[in-house]
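Because the structure is predicted, anything quoted here is derived from the model rather than measured.
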There are 2 protein chains.
Amino acid sequence: MMKMQPKLCRVEDALGILVGKWKPIILLTLLQDGTKRFSDLKRSVPGITQKMLTNQLRELEEEDIITRKVYPQVPPKVEYSMTEYGRSLEPILVAMHEWGTAHTLHKMQKVKGKGMENLN
Amino acid sequence: MMKMQPKLCRVEDALGILVGKWKPIILLTLLQDGTKRFSDLKRSVPGITQKMLTNQLRELEEEDIITRKVYPQVPPKVEYSMTEYGRSLEPILVAMHEWGTAHTLHKMQKVKGKGMENLN
DNA sequence: TGGTATAGTATACAAAAGGATACTAAGGAG
DNA sequence: CTCCTTAGTATCCTTTTGTATACTATACCA
């Protein structure tokens, strides 16, 4: 049994930070590889546009999950990394990842079930 | 260090189920109180409209997270409860709740920091 | 005969999120 | 003089999410 009351629910706090089409993969990448510069992140997250990457990084920075370090160079160099606070999200990311992995089978059975209708 | 590769990320699987303005509180309510009928849920989630509640419940049902039991009565009676599969999300919900609770302080300090500017 | 209750649907609309594309600064290479 | 690089902006558009409001069926109660 859970000890939490829905009315006093703090789940949204964590969820708000993780939600966004690209945030989980950005965070996982930074957790794994440590510091990365903008263009490296862009390569690590296939399909993301510059706008969305900037956008998501700004939001994460605003929430104090990542830091942004600008080197006054040309061409520009900007490095991103997790903050201590950001790293505290790791258990949640891990829990979600494990859930997803453990329940891949469940999903496959649903899909298979649908396909079976044609075979019987 | 994490053992997962961003490219093979299964985080989205769990996230996709949890995302939606009302899903976490619906799930927490069902986890705590067990079976609930539509109108009870509506009362438990203040501010939600019928359409949104129906909507979110249908999505959760579709994902096999909750079950829907209809009693052929008038006025209608429909009961919702978590599936076994749905209950497996509990550790994630708990992890998020704990994170939110533990880091309320962090948030308060940010807000306080901003307010302090006027005081010095 | 009209009002109440439950669990919805239908319709229209507003807001938020995401995407495509073009543009910029400033130095170095050719 | 022009192109290349990086880390962005700016603008416009589409899709997804969420909201508001009105409507329905059917039995019971007065």
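B/Asn55 has its CG atom 13 Å from the C1' atom of C/dA10, to the nearest Å. Across the protein-nucleic acid pair, B/Trp22 atom CH2 and D/dG18 atom C1' stand 9 Å apart, rounded to whole Å. Taking atom NZ of B/Lys69 as the reference point, atom P of C/dA7 lies 14 Å away to the nearest angstrom. Atoms NZ (B/Lys77) and C1' (C/dA7) sit 13 Å apart, rounded to a whole Å. Atom CG of A/Leu53 is separated from atom C1' of C/dG18 by 14 Å (rounded to the nearest Å). Atoms CD (A/Glu59) and C1' (C/dG18) sit 11 Å apart, rounded to a whole Å. Here D/dA27 presents its P atom at 12 Å from CD of B/Gln73, a figure rounded to the nearest Å.
Of the residues in residues 35-42 of chain A, those lying under 4.0 Å from DNA chain D by heavy-atom distance are A/Arg37, A/Phe38, A/Ser39.
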| field | B/Met82/B/Ile65 under side-chain contact (heavy atoms from CB on, under 4.5 Å): CA gap, chis, key distance, verdict | value | CA-CA 6 Å; B/Met82 300 294 286; B/Ile65 302 302; 4.1 Å; yes
| message | Does A/Lys36 form a side-chain hydrogen bond (donor to acceptor under 3.5 Å, both in side chains) with A/Ser44? I'd like the steps, not just the answer. | response | CA-CA 10 Å; A/Lys36 284 214 149 193; A/Ser44 301; 2.7 Å; yes
Please write out the pairs of protein N or O atoms and N or O atoms of nucleotides 24-30 of chain C separated by less than 3.5 Å, giving the distance to one decimal.
none

Between the protein and nucleotides 9-16 of chain D, are there any N/O to N/O pairs under 3.5 Å, and if so, what are the atom names and distances?
| unit_1 | atom_1 | unit_2 | atom_2 | d |
| --- | --- | --- | --- | --- |
| D/dT9 | OP1 | A/Arg58 | NH2 | 3.1 |

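Contact annotation for A/Gln56: backbone-only contact, meaning every heavy-atom pair under 4.0 Å involves sugar-phosphate atoms and none involves a base. Using a 4.0 Å heavy-atom criterion, one finds that A/Glu79 contacts no nucleic acid atom at all. If you check every strand for non-hydrogen atoms under 4.0 Å, B/Tyr71 touches nothing.
Comparing D/dG18, C/dT6, D/dA20 by their nearest atom to the side chain of B/Lys21 picks out D/dG18.
Looking at heavy atoms from C-beta onward, B/Leu57 lies out of side-chain contact with B/Arg68 at the 4.5 angstrom threshold.
Under the 30°/60° scheme for interplanar angles, the aromatic rings of B/Tyr85 and A/His106 are found to lie parallel.
In terms of position along DNA chain C, the nucleotide closest to B/Val70 lies nearer the 5' end than the nucleotide closest to the other residue of the pair A/Ile48 and B/Val70.
Remark: B/Arg37 does not engage B/Asp40 in a salt bridge, criterion side-chain N to carboxylate O under 4.0 Å.
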